[in-house]
**Q** 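First the structure, which I've put down as structure tokens, then a few questions once you've had a look.
Worth saying up front: this structure is predicted, and the values here are computed from it rather than measured.
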Amino acid sequence: MEHLEHLEHLDRELVDELAMVARETVRDELREQTRAKRRTAALYAASGAAALYAGAALVLALGLALASAMPGWAAALVAAVALGAVAYALRGTARPSAPGPTTGDAAALTPPDRVVGAHAPPFPPGGLGLPYPPMPTGAPGVPDGGTGPGLSDDPEVWHRRAR
């Protein structure tokens with residue numbers, strides 16, 4: 001009996017030691033991965049800052065070039081409009097857009113028997129599909145809506161019909 005207690009004590013020590021080694025190994029691995037990700041993030045941030053300053057220098061050069069032909073305030077205004085146009089184009093490129101109607105006439109897009117805004121749209125405005133699944137009109141696999149003969153509570157009957 002004493003021998004079994006000694007083995008239990010050794011097993012417990014072994015399990016504790018293995019758990020400690022596993023924790024240290026996982027901690028070291030996570031620390032190494034975090035260090036690599038932190039370095040990558042810092043390099044991306046530095047790259048973005050450098051690109052921002054390069055863009056500012058480019059706009060300054062554009063403004064100075066324009067200032068030789070027009071007043072300084074007008075050159076700054078032209079540079080600001082150019083930057084706004086670039087920002088607008090980049091935003092439009094980044095945003096996914098659903099194909100819109102090809103005509104601006106709402107009456108041409110609406111059937112004659114339908115009032116615009118009379119009912120909820122069939123799809124959400126974001127274009128994500130139906131907000132809820134469509135409801136069936138009758139029982140599955142039953143041609144007359146589930147009211148006719150042959151309706152059964154036995155699951156095997158329904159399983160065979162589904163195949």
**Q** Checking side-chain contact (heavy atoms from CB on, under 4.5 Å) against Val59, which of Val86, Leu83, Leu64 comes through?
**A**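 Result for side-chain contact (heavy atoms from CB on, under 4.5 Å) with Val59: Leu83.
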
**Q** Could you note down all residue pairs passing salt bridge (Lys or Arg N to Asp or Glu O under 4.0 Å) where residues 31-45 supplies at least one of them, sequence neighbours left out?
**A**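 Listed by first then second residue: Asp28-Arg31, Glu32-Arg35.
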
**Q** Going by salt bridge (Lys or Arg N to Asp or Glu O under 4.0 Å), name the residues that satisfy it together with Arg27, two or more places apart in sequence or in a different chain.
**A**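 Arg27: no salt bridge (Lys or Arg N to Asp or Glu O under 4.0 Å) contacts found.
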
**Q** Under a 3.5 Å distance rule, please check whether Thr93 uses its side chain to pair with a backbone N or O of Ala89 as donor and acceptor.
**A**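 Here the side-chain-to-backbone pair exists.
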
**Q** If Ile, Leu, Val, Met, Phe, Trp and Tyr residues are connected whenever their side-chain heavy atoms lie under 4.5 Å apart, and connections chain through other members, are Leu66 and Leu58 in the same group?
**A**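 Shared cluster, no.
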
**Q** How far apart are the closest heavy atoms of Ala75 and Gly63, and which atoms are they?
**A**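 That closest heavy-atom pairing would be CB-O, 3.4 Å.
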
**Q** Take atom CD in Glu13; do more than 12 heavy atoms of anything else shown fall under 6.0 Å from it?
**A**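 Atom CD in Glu13 is packed in, count exceeds 12.
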
